Amino acid sequence: MSLAEEFTPVEDDEPDAQARPEELRLLEALLFAAGEPLDEKALADRMPSGTDLRTALRRLQTEYAPRGVNLVRIGNKWAFRTANDLAWLLTHEAIQPKKLSRAALETLAIIAYHQPVTRAEIEEIRGISGAKGTLDVLLEIGWIRPRGRRKAPGRPITYSTNEAFLSHFGLESLTDLPGLDELKGAGLFDGSLPAGFNVPMPSDDPALREDEEPLEEGDLDLTLAPRSDGEEEE
Amino acid sequence: MSLAEEFTPVEDDEPDAQARPEELRLLEALLFAAGEPLDEKALADRMPSGTDLRTALRRLQTEYAPRGVNLVRIGNKWAFRTANDLAWLLTHEAIQPKKLSRAALETLAIIAYHQPVTRAEIEEIRGISGAKGTLDVLLEIGWIRPRGRRKAPGRPITYSTNEAFLSHFGLESLTDLPGLDELKGAGLFDGSLPAGFNVPMPSDDPALREDEEPLEEGDLDLTLAPRSDGEEEE
Amino acid sequence: MTDTGSAEIVALAAEPERAADEPALIVDVEGFEGPLDLLLRLAREQKVDLAKISILALADQYLTFIEEARRLRLELAADYLVMAAWLAYLKSRLLLPEPPGGPGESAADLANALALRLQRLEAIRLAAKRLLERPQLGRDVFQRGAPEPINEIKRPQWSATLYDLLTAYARERQKQALARVRLTTRKVWSLADARAILERLVEVATEWTAIDQYLIEYVVEPSMRATALASSLAASLEMAREGQLELQQATAFAPLYMRRRSAPVPDGTVGQS
């Protein structure tokens with residue numbers, strides 16, 4: 001049963017209701033029910049003759065100004081619209097399940113295990129150039145962050161994963177990522193690995209390493225710039 | 001040039017505007033913007049947490065009661081509607097309603113007052129067979145719905161009205177059905193009806209009754225199948 | 001319901017002015033909604049409260065109507081005939097003295113049940129009428145004419161799992177690991193490479209020179225030594241055969257010396273082993 005059943009309009013709440021001119025009732029009904037904004041002629045035609053439309057519209061606009069619905073003029077026409085400041089109320093966030101591209105997943109995995117890692121290093125491990133688009137995707141999703149610059153020619157940016165990454169993949173810390181033996185045990189690597197093949201022990205220690213230096217101001221803007229679609233690797 | 005250009009809302013006209021809670025602005029914006037009635041859960045979801053929805057809806061309903069646009073309750077939902085007495089003004093907006101056949105109208109009334117009810121029970125009250133075509137018409141208009149099956153030989157489908165019915169006829173709930181009390185008082189709704197038919201009050205409570213069981217998959221398709229024209233009763 | 005029952009009958013009776021052998025009409029399409037509807041209209045003729053109606057008189061009226069319809073060769077729907085049979089039965093029960101302790105319901109009970117059915121149908125018709133008199137949406141009251149749609153913001157939810165991540169990592173690393181092994185096996189000195197280098201070397205080797213020294217200068221990686229030596233030996237033998245250079249080696253595994261041959265010699269002096 002609904003909470004509304006006990007509702008009965010409380011009459012004494014609006015002492016001025018009686019004093020409100022009938023024209024205002026008519027105008028608000030007309031403007032509410034209309035499928036499109038109405039011009040003054042259309043309104044005048046439908047209102048009782050002798051109505052002072054100017055005054056009535058003005059009073060109605062004033063009445064509604066502080067409300068969640070305003071009476072607005074659009075061109076030469078009038079319409080009710082929800083108040084501008086309430087646009088947020090009329091937006092609905094729909095969750096859209098999306099699959100990460102294979103390139104993005106591989107790049108993310110390399111960052112997770114090899115962090116801090118530069119774009120060139122990712123490309124070397126993957127044996128494919130063009131990691132920029134993928135990095136931008138991952139930055140946009142918010143699972144990686146630029147954390148510093150490598151002390152090397154070109155001072156490339158180093159990337160690491162962040163807390164959102166841990167949270168999404170249900171990891172307490174990067175040390176929870178399985179090592180080579182566990183990956184082998186899970187059947188993810190087959191037997192034909194060369195001698196000396198290794199999987200790094202990832203660390204998300206925020207302290208910069210010896211071969212890293214901090215990002216400068218402006219670096220973040222740069223790396224978060226909207227990616228150009230042409231570069232995207234999907 | 002429009003008269004509207006010179007309009008600037010006159011602040012001193014509404015001294016109470018400042019005192020009006022923000023919740024009312026949000027609620028009226030939501031309800032005004034929506035094309036369809038909104039249920040209390042949807043409203044609560046959009047309102048800031050801690051909002052006393054009961055109080056806010058009640059106050060809004062009171063505020064709008066004397067206006068040309070009223071806040072009405074439809075089942076568990078709320079919507080703004082033009083005031084009942086202004087039909088004469090809104091002839092532009094009026095759509096010629098499809099005229100319901102006498103058979104369809106009577107069948108609708110039987111479902112409304114006796115729900116949940118089976119086709120055989122409808123035929124019994126009307127003293128005529130062939131209610132199928134009429135039921136199909138009402139299902140197509142969208143005022144009734146199959147809601148379950150009666151635990152009886154043949155497991156006939158039970159029908160009830162739905163929210164679109166309440167909305168169309170401006171009923172807050174089934175207890176507002178016109179003349180319900182008199183009809184009930186005259187003992188006409190619980191006379192020598194078939195077993196399990198002596199329903200004290202019509203109810204569209206979605207919970208099935210003791211003598212009902214749920215529809216199965218496919219039941220809906222069956223009952224909503226396009227009616228064959230031959231069976232149509234108009 | 002503007003017409004009275006009798007008016008309907010008159011209309012019905014007057015209507016079919018056609019040859020007797022023409023197909024008959026079905027009465028209920030002519031304005032009656034079934035036998036109860038017909039009974040209800042006939043009852044109105046009695047102009048009394050439905051609760052006080054004479055069921056006997058009503059049964060008579062109904063049966064008369066049916067007979068009239070038959071006389072006019074109107075085809076009646078089965079519902080009407082069933083009702084006629086039932087009313088004829090009821091009439092006989094009502095006219096005969098009730099057998100004491102007879103089976104089932106008394107005739108009066110049956111008559112009352114019929115009266116109740118008629119009242120119920122009338123009540124539901126009244127209810128339907130009042131329902132129809134209510135303000136209706138789209139006719140009398142209106143919803144917002146220009147609703148403002150809710151903007152949908154699509155928020156992606158990424159479906160990658162830890163398993164996906166690990167699989168991707170292993171796949172990527174394995175692929176590269178195997179690719180690198182192939183790359184190193186390709187790192188050999190081909191005979192052509194060796195010969196090109198030797199041809200450049202012999203330009204300066206006018207004196208006996210240990211070939212190893214030159215080669216090590218060129219071959220940085222120790223892992224390449226074997227392939228470099230093998231290929232250059234084969235290339236140098238080839239070049240000696242062509243008379244471009246001379247080779248000499250003191251013993252097995254001793255350094256291999258070579259020098260450019262100043263002038264062609266008919267008999268090759270390929271080094272002694």
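Worth saying up front: this structure is predicted, and the values here are computed from it rather than measured. Numbered from 1 within each chain, the chains take letters A, B, ... in sequence-line order.
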**Report entry** Backbone N/O of N198(A) and side chain of R173(C): donor-acceptor pair under 3.5 Å
**Finding:** yes

Report summary line: Answer key: most heavy-atom pairs under 4.5 Å with chain C among H168(A), K98(A), R81(A) is K98(A)

Report task. Could you check Y169(C) against L177(A) for side chain to side chain contact (heavy atoms under 4.5 Å, CB included), going step by step and ending with a plain yes or no? Result -> CA-CA 11 Å; Y169(C) 182 69; L177(A) 280 174; over 6 Å; no

Query raised in the report: Can you say whether A33(A) sits under 4.5 Å from chain C via the side chain, the backbone, both, or neither, judging by heavy atoms?
Result: both

Query - E133(C) CD: over 12 foreign heavy atoms closer than 6.0 Å - result: yes

Query - For chain A, which residues of residues 135-147 of chain C have heavy atoms nearer than 4.5 angstrom - result: F142(C), Q143(C), R144(C), G145(C), A146(C)

**Report entry** R102(A) side, atom CZ; E172(C) side, atom CD - distance, nearest 0.5 Å
**Finding:** 8.0 Å

Report task. Take atom CD of E163(A) as the centre, draw a 6.0 Å sphere, and report whether it contains more than 12 heavy atoms from other residues, nucleotides or ligands. Result -> no

Query raised in the report: Does any heavy atom of chain C fall under 4.5 Å from the side chain of L180(A), the backbone, both, or neither of them?
Result: neither

**Report entry** Contacting moiety of L31(A), where chain C heavy atoms sit under 4.5 Å
**Finding:** neither

Query - Rounded distance [0.5 Å steps], CG in L165(C) versus CH2 in W143(A) - result: 8.5 Å

Query - Residue part contacting chain C, namely of L183(A), when any heavy atom lies under 4.5 Å - result: side chain

Report task. Output yes when a side-chain donor or acceptor of E148(C) lies under 3.5 Å from a complementary backbone atom of T82(A), and no otherwise. Result -> yes

Query raised in the report: Looking at L89(A), L171(A), L108(A), I141(A), which has the largest count of heavy-atom pairs under 4.5 Å with chain C?
Result: I141(A)

Report summary line: Distance col, row Q96(A):CD vs S159(C):OG, nearest 0.5 angstrom, shows 11.5 Å

Query raised in the report: Under a 4.5 Å heavy-atom cut-off, does chain A meet the side chain of T161(C), its backbone, both or neither?
Result: backbone

Query - Residue pair Y113(A) / L166(C), side-chain heavy-atom distance below 4.5 Å - result: yes

Query raised in the report: Any idea which heavy atoms bring L100(A) and A160(C) closest together, and the distance?
Result: CD2-CB, 4.2 Å

Query raised in the report: Which answer fits F189(A), side chain, backbone, both or neither, if we ask what part of it has an atom under 4.5 Å from a heavy atom of chain C?
Result: both

